[in-house]
Student: 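Sharing a structure with you now.
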Amino acid sequence: MAFDKVKRSENYSEWYNNLVKNADLAEHSAVKGCMVIKPYGYAIWEKIQQQLDKMFKETGHSNAYFPLFVPKSLFEKEEKNAEGFAKECAVVTHYRLKANPDKPGALMVDPDSKLEEELVVRPTSEAIIWNTYKNWIQSYRDLPILVNQWANVVRWEMRTRLFLRTAEFLWQEGHTAHATKEEALEETKKMLDVYATFAEEFMAVPVIRGVKSENERFAGADDTYCIEGMMQDGKALQMGTSHFLGQNFAKAFDVKFQTKEGKLEYVWATSWGVSTRLMGALIMVHSDDEGLVLPPKLAPIHVVIVPVYKNDEEFERVSAKALEIKKTLETLGLSVKFDNRDTYKPGYKFAEWELKGVPVRIALGPRDLDNGVAEIARRDEKTKTSVSLDSLHEYVPNLLNEIQINLFEKANAFQKLKTWNANNWEEFTEIVEKREGFAFAHWDGTAETEEKIKELTKATIRCIPFDRDETPGTDVLSGKPSIGRVLFAKAY
RNA sequence: CGGGAAGUAGCGCAGGCCGGUAGCGCAUCUGCUUUGGGAGCAGAGGGUCGCAGGUUCGAAUCCUGUCUUCCCGACCA
């Protein structure tokens with residue numbers, strides 16, 4: 001185990017990279033831009049999946065699975081969507097290898113195995129799904145269709161970072177079909193709320209909900225809703241999107257249904273997704289120089305028990321009590337690890353479990369047993385207290401709740417601290433470039449101004465918040481009239 | 001995809017200019033002593049120097065190509 005000591009405040013991106021590797025979350029693979037998610041990192045992703053999946057089911061959705069490959073002819077049907085993704089698609093052109101006659105032991109693509117039609121490796125699944133939905137939908141009785149899939153997708157990125165942007169990543173994509181525009185809009189909003197609730201209540205990350213500007217909108221959508229979180233370097237991270245697709249895909253794939261009145265109409269669509277990028281957010285929002293800090297609700301291990309002892313006899317004594325505590329806490333639904341490795345000293349274990357972000361540590365030694373207590377350390381505040389053994393079954397669950405709340409409140413306070421109204425260009429550049437935070441500023445609503453601001457400062461419109469200040473004003477750059485403030489920030 | 005840097009033991013690095021067959025710290029293994037914040041001592045094991053060519057009697061070192069990573073830029077539904 002390596003314990004790299006690059007401080008968060010000194011080099012944020014190096015700190016992030018080291019943390020991902022040292023906490024055993026993920027590593028690079030032999031494939032450019034693709035990562036290996038290691039067991040501990042994957043365990044966190046599984047917690048994320050389980051909770052989201054539950055929330056999807058509670059809102060009436062079912063899981064299904066669609067193919068990895070999309071025939072090019074289907075992919076290109078919805079023009080804007082195809083255009084948007086064209087530059088980053090992996091394409092399968094052949095289906096066979098053969099021995100290379102010039103190089104013993106080497107293989108080559110068999111030129112005789114060229115596919116009649118190229119297959120696009122899905123960067124997203126709208127095309128294959130809408131081609132399928134066409135067969136599923138005849139009448140209003142077939143609607144709505146509320147389907148989600150957990151899958152991998154590929155986007156050929158030029159510059160990658162573990163979890164934040166990789167060529168292949170894991171995500172879920174919901175794809176729904178509705179009889180009316182109102183219902184589809186309601187679905188779009190509902191799923192964004194699911195994401196926001198998940199981010200705030202489970203990841204302990206406060207998010208700003210809003211609509212994307214036309215520039216930032218999903219290609220093929222009429223509207224894209226999003227949640228945006230603030231990382232500890234003041235940059236924004238898009239943590240989830242929900243798209244109102246209008247009738248764009250229904251028209252492209254000719255998906256019509258017969259209404260009660262017997263008329264044929266195009267169906268209305270939504271799609272929504274979150275990805276392994278959430279892992280990046282989780283890491284960047286809470287962690288510190290000691291390593292990962294996990295909110296209890298997503299921690300694979302809630303409590304680690306570290307025994308302290310001098311000899312076999314003491315170990316036996318401490319061990320017996322530790323196992324008893326483990327059992328008690330597990331009965332309460334907690335995940336408890338008893339670190340009884342004899343090959344490491346307590347101090348080493350403390351540091352290791354801190355690196356891995358385990359929310360609560362219980363240290364237990366002979367001295368504690370004599371006093372009927374255990375030493376409880378919380379990862380978020382790095383404080384320690386002695387707690388009576390008799391009260392652990394109440395103290396620990398309460399502490400976990402407190403940590404969950406504390407992490408959200410700290411993140412929330414940080415976000416508020418680093419968010420300002422920018423009333424003129426000077427203030428705007430000061431906030432975005434020097435103070436490194438979020439700026440609520442007036443925007444004239446044009447793509448030109450948006451582009452220009454991006455060119456000058458690298459800040460983009462993260463979203464037009466749903467609950468924005470709608471006091472009219474003048475654009476921070478162009479001086480033209482604005483009907484309300486929008487959220488600007490540098491983004492990942 | 002453009003500019004810069006890097007790749008040598010599991011991890012972090014030295015060696016490279018001036019070619020002679022590889023070293024340090026941590027980790028690992030064995031033994032003893034240890035164990036309340038990253039243990040000590042003694043001994044041991046582990047590397048075709050990213051990969052492929054080339055120059056040379058001889059290449060980690062020089063040359064060419066290639067792959068991967070990092071930083072900056074362009075791109076990022």
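Just so it is clear, the values below take in all heavy atoms, side chains as well, and ignore hydrogens, waters and symmetry mates. Computed from a predicted model, the values in this text were never measured in an experiment. Residue numbers begin at 1 in each chain, while the letters A, B, ... track the order of the sequences.
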Student: Under 4.0 Å, heavy atoms only, any strand: does A/Lys458 hit a base, just the sugar-phosphate, or nothing?
Tutor: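 Sugar-phosphate, no base atom in range.
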Student: Grab the CG-P distance between A/Asn18 and B/rC71 for me, whole Å please.
Tutor: 11 Å
Student: Using the closest heavy atom to pick a nucleotide of RNA chain B for each, name whichever of A/Ser29 or A/Ala219 lands nearer the 5' end.
Tutor: A/Ser29
Student: Classify the nucleic acid contact of A/Glu314 as base, sugar-phosphate or nothing, counting any heavy atom under 4.0 Å across all strands shown.
Tutor: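 Nothing, no nucleic acid heavy atom in range.
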Student: Taking atom C1' in both B/rG53 and B/rU48, compute the distance separating them and give it to the nearest angstrom.
Tutor: 16 Å
Student: Is a donor-acceptor contact shorter than 3.5 angstrom present between the side chain of A/Glu354 and the base of B/rG37?
Tutor: yes
Student: Provide the Watson-Crick or G-U wobble partner of B/rG37, both distances under 3.5 Å; none if there is no partner.
Tutor: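 Check on B/rG37: unpaired, no WC or wobble geometry under 3.5 Å.
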Student: Mind checking A/Pro366 for me? I need base, sugar-phosphate or nothing, with any heavy atom below 4.0 Å counting as a touch.
Tutor: base
Student: Under 6.0 Å from the ring centre and within 45 degrees of the ring axis: does the NZ or CZ of A/Lys349 meet both conditions for the six-membered ring of A/Tyr344?
Tutor: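 Pair A/Lys349/A/Tyr344 does not count as cation-pi.
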Student: What integer number of Å spans the P atoms of B/rC11 and B/rC51?
Tutor: 14 Å
Student: Check every strand shown and say whether A/Gly33 touches a base, only sugar-phosphate, or nothing at a heavy-atom separation below 4.0 Å.
Tutor: sugar-phosphate
Student: Figure out the CZ/P separation between A/Arg462 and B/rC76, and round it to whole Å.
Tutor: 12 Å
Student: What is the separation between atom NZ on A/Lys21 and atom P on B/rG10, rounded to the nearest whole Å?
Tutor: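 After rounding, the reported distance stands at 16 Å.
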Student: How many Å lie between CZ on A/Phe163 and C1' on B/rC76, as a whole number?
Tutor: 20 Å
Student: Please give, in whole Å, the distance from B/rA39 P to A/Glu352 CD?
Tutor: 12 Å
Student: Given B/rA74, B/rU69, B/rG37, which nucleotide is nearest the side-chain atoms of A/Met158?
Tutor: B/rA74
Student: When rounded to the nearest Å, what value does the distance between C1' atoms of B/rG12 and B/rG3 take?
Tutor: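 To the nearest whole Å, 28 Å.
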Student: Starting at the 5' end of RNA chain B and moving along, which residue's nearest nucleotide shows up first, A/His28 or A/Glu88?
Tutor: A/His28
Student: Are the aromatic ring centres of A/Trp45 and A/Phe163 under 6.0 angstrom apart?
Tutor: no
Student: I'd like the C1' distance from B/rC75 over to B/rC18, given in whole Å.
Tutor: 45 Å
Student: Is the charged tip of A/Arg361 near the ring of A/Phe350: under 6.0 Å from the six-membered ring centre and within 45° of its axis?
Tutor: yes
Student: Identify whether any heavy atom of A/Thr241 sits under 4.0 Å from a base atom; if not, whether one sits that close to sugar-phosphate; answer base, sugar-phosphate or nothing.
Tutor: nothing
Student: Does B/rU28 have OP1 or OP2 sitting under 4.0 Å from an N or O in the side chain of A/Tyr344?
Tutor: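 Looking at the OP1 and OP2 atoms of B/rU28, one of them is under 4.0 Å from a side-chain N or O of A/Tyr344.
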Student: Within the 4.0 Å heavy-atom criterion, would you say A/Arg341 contacts the bases, only the backbone, or no part of the nucleic acid?
Tutor: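 No contact.
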Student: Which nucleotide, in any strand shown, forms a Watson-Crick or G-U wobble pair with B/rC57, with both distances under 3.5 Å?
Tutor: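 Matched B/rC57 with B/rG20 under the 3.5 Å cut-off.
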Student: What is the separation between atom CD on A/Glu14 and atom P on B/rC71, rounded to the nearest whole Å?
Tutor: 9 Å
Student: Rounding to an integer number of Å, can you tell me how far A/Asp342 CG sits from B/rA39 P?
Tutor: 13 Å
Student: If only atom types and distance count, is the side chain of A/Thr188 paired as donor or acceptor with the main-chain N or O of A/Ser242 below 3.5 Å?
Tutor: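 Judged by distance alone, no pair lies under 3.5 Å.
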Student: Is any side-chain N of the basic residue among A/Lys410 and A/Asp380 closer than 4.0 Å to the acidic one's carboxylate O?
Tutor: no
Student: Looking only at atom C1', what distance separates B/rA27 and B/rG47, rounded to whole Å?
Tutor: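 After rounding to an integer number of Å, I get 15 Å for this pair.
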Student: Check this one for me: any side-chain N or O of A/Asn17 less than 4.0 Å away from OP1 or OP2 of B/rU69?
Tutor: no
Student: Using only side-chain N and O atoms of A/Arg159, determine if any of them is under 4.0 Å from OP1 or OP2 of B/rC72.
Tutor: yes
Student: Checking base pairs now: Watson-Crick or wobble, both atom distances under 3.5 Å. What partners B/rC1?
Tutor: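 Pairing partner, where one exists within any strand: B/rG73.
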Student: Is A/Glu324 salt-bridged to A/Lys327, going by a charged N under 4.0 Å from an acidic O?
Tutor: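 So A/Glu324 does not pair with A/Lys327 through a salt bridge.
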Student: Rounding to an integer number of angstrom, what distance separates B/rA9 and B/rU61 when you compare their P atoms?
Tutor: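 To the nearest whole Å, 15 Å.
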Student: When you check the phosphate oxygens OP1 and OP2 of B/rG37, does a side-chain N or O of A/Lys345 lie under 4.0 Å from one of them?
Tutor: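 It does not, given that no N or O in the side chain of A/Lys345 lies less than 4.0 Å from OP1 or OP2 of B/rG37.
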Student: Rounded to the nearest angstrom, tell me the gap between atom OH in A/Tyr309 and atom C1' in B/rU33.
Tutor: 15 Å
Student: Please work out if A/Lys32 contacts a base, only the sugar-phosphate, or nothing of the nucleic acid, heavy-atom cut-off 4.0 Å.
Tutor: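 Counting heavy atoms under 4.0 Å across all strands, the contact made by A/Lys32 is with sugar-phosphate only.
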Student: Sort out the partner of B/rG7 for me: Watson-Crick or G-U wobble, both distances under 3.5 Å, none otherwise.
Tutor: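 Base-paired to B/rC67.
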Student: Tell me whether the OP1 or OP2 atom of B/rU35 has a side-chain N or O from A/Lys349 closer than 4.0 Å.
Tutor: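 For A/Lys349, the contact criterion (side-chain N or O under 4.0 Å from OP1 or OP2 of B/rU35) is not met.
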Student: Identify the nucleotide, in any strand shown, that forms a Watson-Crick or G-U wobble pair with B/rG43, with both distances under 3.5 Å; if there is none, say none.
Tutor: B/rC29
Student: What integer number of Å spans the C1' atoms of B/rG73 and B/rA59?
Tutor: 36 Å
Student: Do A/Arg317 and A/Asp370 sit within salt-bridge range, that is, some charged N less than 4.0 Å from a carboxylate O?
Tutor: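 Yes, this pair counts.
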Student: When the C1' atoms of B/rA6 and B/rG15 are considered, how many whole Å apart are they?
Tutor: 16 Å
Student: So what does A/Glu375 hit on the nucleic acid, given a heavy-atom distance under 4.0 Å: a base, only sugar-phosphate, or nothing?
Tutor: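 Here A/Glu375 touches the bases of the nucleic acid.
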Student: Check for a donor-acceptor pair, side chain of A/Asp368 on one end and backbone N or O of A/Gly365 on the other, with a separation under 3.5 Å.
Tutor: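 Yes; judged by distance alone, with no hydrogens or angles, the pair exists.
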Student: Counting any heavy atom closer than 4.0 Å, what does A/Arg165 reach on the DNA or RNA strands: base, sugar-phosphate only, or nothing?
Tutor: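 Counting heavy atoms under 4.0 Å across all strands, the contact made by A/Arg165 includes a base.
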